[in-house]
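Chain A is the first sequence line, chain B the second, and so forth, proteins listed ahead of strands; every chain is numbered from 1.
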Amino acid sequence: VNDRVVAVARAAAFVIAALLGCAVIVQIAGYSGIAMLGGIADGTFLAPNALAHTVRWCVPLFLTATGVVVAFRFGYFNIGAQGQLYLGAIGAAFIADRCAGLPPVLLVPLAIAAGIAGGALWALWPGWLRVASGTDEVITTLMGNFIAGLVLVYVTTGPLKDPSGTGQLAAGREIEAAYRLSVSSGVSPVLIALAVAGGAVVWWFLDRTAFGVLGTLNGRNPVMVAWQGASAARIGIAAFAISGGMAGLAGALEVLGPDGRLVSGFAPTIGFTAVLIALVGGLSIAGTAVAALFFGGLMASSLYLPVVAGLPAAAIDLINAAIALLVTARSWPRWLRLHRAAE
Amino acid sequence: MIDTLLAIVRSGTPLIYVTLAAVLAQRAGIWHLGLEGLMIAGACAAVIGAKQTGSAAGGILFAIVVCTAGSALLWFTIEKLRANPIIAGLGLTGLGLGGTDLAVQAIYGSEAAIASPVGLPQIAAAGGESISTLVAAMPLVVAATWFLVRRTRFGLHLTASGEHPRAARAVGIRPGRVRLIALVLGGVLCALGGTELALGSLQIFSVDMTAGRGFMAFAAGIFGAGNPLGATAAALFFAAVDYLGIRAQLVLGENAPRQLILMLPYLATVAGVWLSTWLQRGRSGGPVSAELRDY
């Protein structure tokens, strides 16, 4: 059988296993597992407007996940996408706040560029620590998420605080309608086009440029690449910068698009979900796009579950966690294998 | 002075128990990012157990059952399904965080926090202060863990299984089984850490109450280079930074840079990992073989 078909079938099997497993857990916890699965189907595509919500979440998830694909393919375990997304959002919000008055054709690209720069910079310090001293990036990027979350709280209660806002919600000023890329909580052709363009650029970079292929080789066999004379430091820094930049782009689009303002602690699960999307998608851009649609649907339905099935939204976290537990599995114990050659 | 030290030890004890679990896993060659999930599961199970049985012992027992089950699940996915330990560990953390959230809402309705009627028994300590039994037992557990990994046959097998599984297998050790024991023992330690966090002084469980302590414990394990005593010192350092931040907030009041103070433990963790890498530079081989990182 074709390798690709096997990979797709395997990823789909893990996702279905995780869904069913969680339905059983939810049933044991005293809710209805069937209602949960029904609620997910409703929230993903059956209910009116559900598909729009799915695509709305798919955009930031896909962009962030393409960044994760770059880092993982290049051999670096960047799991700090959440923090990089936050810094990107802060960068975009800062431009939108301080440069208000510029014509939209100038300000919007500037804000997006600031978002990409913010995300890339937040990825650069763990990248530099990794390249310069070998400090493990798993723990530094993870801690970076916590730190970035606090930076976001600081910014939304301090420098960028909405002066007219009440004390309850820590958020920045609403962005003027002229600078918005979509109406509130929706998608727009511009957002989808930007996501497609972002994905296409990353695909072209990874699969059609010499540096991208070299980086992918570095992820598989760093010793060989070093012996060929390539600079491991350059590859490492590029991996972190591009990966952080994509997360930053996603954060900027959240602020300029559906959210319309910088909100403290927004979308707290995108970073972790993006890692899952990259892995379920088999670290390919096309696979990532398909996986992003599925996880976007899950994220959209987490808003429906409390209403439709009376279930806490934590059930979606549980499904994601179960997928994470299984997605990288490479073998099955003998008693679970259909036949020996399945390995 | 003595009450400051006591306060640091008291607030650092949950972290130290989980750090010991990190050390055991690290010696077994597993990068254990599931500690955060095990710790929160332990804290939640301790409060539920204490609430249902009316005794702290019931809480500890239930926490141990839940955490060892979680550890066994992680072992199964890593060892039998050959999943990537880092991603599987993050998955376990997600299960712990989401599962406790769901459990609290399923059992007690839509409350973000649940209180326990009983706490751990308290013991009188220096300066008229009292400490919980788990704080008092902590130095003994640290010493016992050190003895286990540095002075027993099992400790040698553990290190061998982590550093060179093939060589270990060649002399008749079964690395898979050694890893299972290490992870399950770590599960017990996470249960104790979670119990102390929830029942030590506050007698409360709230969603997300671990706030990254499990990841800090993992970093303390790296900082200590797999030595239980060094890792304990690192955990105490993180606890001291945390404590000084809270003190600064009390002293400075409204003027305190709140977010910066809350950041301190995370910044200290980054600095600690960087420092340990820098100190161990040039020494051959880290604690984790490269083959565990690929997938």
Hey, which of A:Leu142, A:Ile323, A:Leu129 has the most heavy atom pairs under 4.5 Å with chain B?
A:Leu142
Select, from A:Ile147, A:Ile79, A:Leu311, the one with the greatest count of heavy-atom pairs under 4.5 Å involving chain B.
A:Ile147
Bottom line for B:Leu97: the part with an atom under 4.5 Å from chain A's heavy atoms is neither
Engaged part of B:Ile107 at the chain A interface, taking heavy atoms whose separation is under 4.5 Å:
neither
Tell me every residue that passes side-chain contact (heavy atoms from CB on, under 4.5 Å) with B:Ala235, counting only those two or more places apart in sequence or in another chain.
B:Leu15, B:Ile16, B:Thr19, B:Ala220
Provide the closest heavy-atom pair for A:Ala89 versus A:Phe266 in the form atom of the first, atom of the second, distance.
CB-CZ, 3.6 Å
B:Phe205 side chain near B:Cys44 side chain, heavy-atom distance below 4.5 Å:
yes
By number, which residues in residues 23-36 of chain A have some heavy atom less than 4.5 Å away from chain B?
A:Val26, A:Ala29, A:Tyr31
Report the relative orientation of the aromatic rings in A:Phe72 and A:Phe77; use parallel for angles under 30°, tilted for 30 to 60°, perpendicular for over 60°.
tilted
Check the angle between the aromatic planes of A:Trp122 and A:Trp125 and answer parallel, tilted or perpendicular using the 30° and 60° thresholds.
perpendicular
Cation-pi between B:Lys51 and B:Tyr108: NZ/CZ under 6.0 Å from ring centre and within 45° of the ring axis?
yes
Selection from [options] maximising heavy-atom pairs under 4.5 Å formed with chain A:
options: B:Ala83, B:Gly94, B:Gly37; value: B:Ala83
options: B:Gly99, B:Ala88, B:Gly89, B:Ala211; value: B:Ala88
options: B:Leu90, B:Thr100, B:Val207; value: B:Leu90

Once you round to the nearest 0.5 Å, how far does [atom1] of [X] lie from [atom2] of [Y]?
X: A:Phe146; Y: B:Leu262; atom1: CZ; atom2: CG; value: 12.5 Å
X: B:Leu74; Y: B:Ile30; atom1: CG; atom2: CD1; value: 6.5 Å
X: A:Leu20; Y: A:Ile319; atom1: CG; atom2: CD1; value: 10.0 Å
X: B:Gln249; Y: B:Arg247; atom1: CD; atom2: CZ; value: 12.0 Å

Which region of A:Val327, side chain (C-beta onward) or backbone (N, CA, C, O), has a non-hydrogen atom less than 4.5 Å from a non-hydrogen atom of chain B, or is it both or neither?
side chain
